[in-house]
Amino acid sequence: MKIKDIPQKLADIRREDRFRAVHDLRMITASRGVDRSGKEYIVFNSNDYLGMTHEKEVEEAARNAVIYGTGSGGARLTSGAVFELSDLEKEIARFKHKEDAVIFNTGYMTNLGVLYALAGPGDVIFSDELNHASIVDGCRISRAAGKVYFHSDMGALEKLLEETPCQGQRFIVTDGVFSMDGDVADLPGLVKLKEKYDAFLIVDDAHATGVIGNTGRGTAEYYHMEGIDLQVGTLSKSLGAEGGFAAADRTITDYLRNCSRPFIFSTSISAVTGATALAALKLLEENPEKYMGALRRNTKYMKEGLTKAGISFLPGDTSIIPIVMGREEAAMEYAARCKERGILLSAIRPPSVPKGTSRIRLTVTAAHTRAELDKALEVMIDEIQGTRPVSPT
Ligand SMILES: *Cc1c(COP(=O)(O)O)cnc(C)c1O
């Protein structure tokens, strides 16, 4: 594409009704936001699963850390080596039952940084077809061969493992909780195959940390098993901050600090951000029942309310509730009508999801009050006439 062709490309995007723009939203609580006109919304498309972004103790930790600078001033290997990030790495390693952890600036950069550093020509990466875009992009820049298997299909994965020649290292990479469907990866199946085929297993628990497992440790805890070689996660969802992490054996984390370009060549997140995530992790560990209990109760209440009204959604053990509408316009129009009435939901359409499965994606958090859930149910049920969702298959 030539730069002079961009106006035409943009016109095509607009004609197909795919043009996207940022709509400013200021979160005034963990579940409510206002736009520039002052209109208030109850927010059901946030990843702030535990409401940590507005917890008093977390806010206070952020305020206290600001005396160490509003920015970190450099990369971790130079002047950006703030105490809070090393402390956080220790805490995350302990929480995830790993020897060590490395903090990256975002979850997205973590997947790029891990796959770029560990995989290369001669290696093969086996990747679930529904994996997050950052895993897809990490596979691309690694220059390893990529093999995509049907979603959570262990038979298909085994067949690929068997028939794909590999002189180097095999990697299996998967989301722990899949972001658009809200289902959990088949960890027992993956561990069995990674052992049989001597593969290195990477699980990205961005949507699983703080959400599944009794204490929020994620996919491994959900199945009461270990076996994940490298655990990717984010500080930006249940931990109320921004940043990502990779937790693994120390040889791996040392190697990442030495050879992962997104770690080496980018200014680190600040002491404020580190202190925020540390405080959120501490709250979660001290009182998993308070946060995860609220998340589970709210999710159950929402799912029961929808079911009672005859609104079906994809099943799953998480607080991601996908209501499949089929046509793109149906999902877009429904989300727009709910927004008009103060309820923010996401309409998800291709290429994020397969054609014909455009959907409403609603995330419940621990921070929603009963009144907010009731309001959302009232609006969603009221607006559903004429746009019956497709039954999950
Ligand atoms: C959200 C998400 C990421 C990206 O994390 P950020 O911290 O937002 O960059 C990576 N992987 C998965 C599976 C995600 O859901």
Side-chain angles (χ1 to χ4, degrees), residues 22 27 45-50 52-53 85 88-89 92 96 101-116 125 127-142 148 151-152 171-187 190 201-213 216-220 222 228 230-247 256 260 262-263 266-270 273-274 276-277 280-281 314 316-322 346 348 351-353 359 361-363 365:
V22 173
M27 296 302 290
N45 56 7
S46 152
N47 297 320
D48 183 14
Y49 290 118
L50 303 178
M52 289 295 184
T53 58
L85 296 185
L88 183 58
E89 288 178 342
I92 288 202
K96 287 287 187 180
V102 187
I103 304 292
F104 287 81
N105 291 352
T106 65
Y108 183 93
M109 278 172 77
T110 308
N111 280 320
L112 292 193
V114 164
L115 293 168
Y116 195 14
I125 302 173
S127 174
D128 190 290
E129 66 175 329
L130 294 190
N131 277 345
H132 190 262
S134 55
I135 295 178
V136 176
D137 294 355
C139 293
R140 271 194 205 134
I141 66 161
S142 77
V148 175
H151 177 49
S152 283
F171 293 85
I172 302 173
V173 192
T174 183
D175 283 17
V177 167
F178 289 88
S179 49
M180 293 305 147
D181 288 33
D183 55 328
V184 184
D186 178 3
L187 186 60
L190 290 164
L201 177 60
I202 301 176
V203 176
D204 179 350
D205 262 355
H207 288 284
T209 303
V211 177
I212 60 170
R217 200 155 59 75
T219 307
Y222 177 84
I228 299 172
L230 187 146
Q231 175 88 70
V232 171
T234 176
L235 311 177
S236 65
K237 288 169 182 154
S238 60
L239 295 179
E242 302 104 21
F245 61 82
L256 291 175
S260 179
F263 177 83
S266 190
T267 297
S268 76
I269 53 176
S270 69
T273 308
T276 300
L281 182 58
L314 300 182
D317 277 348
T318 69
S319 58
I320 297 170
I321 308 179
S346 287
I348 312 278
S352 302
V353 292
R359 63 195 67 183
R361 178 178 178 278
L362 136 94
T363 50
T365 75

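Every number for a ligand or one of its atoms is a count from 1 in the order of the listing.
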Novice: Who passes side chain to side chain contact (heavy atoms under 4.5 Å, CB included) against Ser270, sequence neighbours left out?
Specialist: Val272, Thr273
Novice: For atom 3 (C) of ligand 1, what's the nearest protein heavy atom and its distance?
Specialist: His132 CE1, 3.5 Å
Novice: Without swapping roles, check the side chain of Asp175 against the backbone of His132 for a donor-acceptor pair under 3.5 Å.
Specialist: yes
Novice: Is it the case that the side chains of Asp128 and Thr174 hold a donor-acceptor pair, with the cut-off being a distance below 3.5 Å and no angle test?
Specialist: no
Novice: Write out the residue and atom name of the closest protein heavy atom to atom 9 (O) of ligand 1, then the distance separating them to 0.1 Å.
Specialist: Tyr108 N, 2.9 Å
Novice: Taking atom CG of Asp137 and atom OH of Tyr108, what is their separation to the nearest 0.5 Å?
Specialist: 3.5 Å
Novice: Using a 4.0 Å heavy-atom cut-off, say whether Lys237 meets ligand 1 through its side chain, its backbone, both or neither.
Specialist: side chain
Novice: For atom 11 (N) of ligand 1, tell me which residue out of Asn105, Ile135, Asn111, Asp204 has the closest non-hydrogen atom.
Specialist: Asp204
Novice: Find all atoms of ligand 1 within a distance of less than 4.0 Å from any non-hydrogen atom belonging to Thr106, and give their numbers and elements.
Specialist: 7 (O), 9 (O)
Novice: Give the atoms of ligand 1, by number and element, whose distance to some non-hydrogen atom of Ser134 is under 4.0 Å.
Specialist: 10 (C), 11 (N)
Novice: What is the closest protein heavy atom to atom 5 (O) of ligand 1, and at what distance does it sit?
Specialist: Gly107 CA, 3.3 Å
Novice: Could you list which atoms of ligand 1 come closer than 4.0 Å to a heavy atom of Asp175?
Specialist: 13 (C)
Novice: Do His207 and Phe178 have ring centroids that are under 6.0 Å from one another?
Specialist: no
Novice: When you look for heavy atoms under 4.0 Å from ligand 1, do you find them on the side chain of His207, its backbone, both, or neither?
Specialist: side chain
Novice: Which atoms of ligand 1 have any heavy atom of Ala206 under 4.0 Å away?
Specialist: 2 (C), 11 (N), 12 (C), 13 (C), 14 (C), 15 (O)
Novice: When you check the gap from the basic side-chain N to the acidic O, do Asp205 and Arg217 get nearer than 4.0 Å?
Specialist: no
Novice: Check the side chains of Ser266 and Asn105 for a donor-acceptor pair under 3.5 angstrom, ignoring hydrogens and angles.
Specialist: yes
Novice: Could you check whether Arg359 pairs with Asp181 (Lys NZ or Arg NE/NH1/NH2 to Asp/Glu carboxylate O, under 4.0 Å)?
Specialist: yes
Novice: Quick one: does Ser236 get an N or O within less than 3.5 Å of an N or O on ligand 1?
Specialist: yes
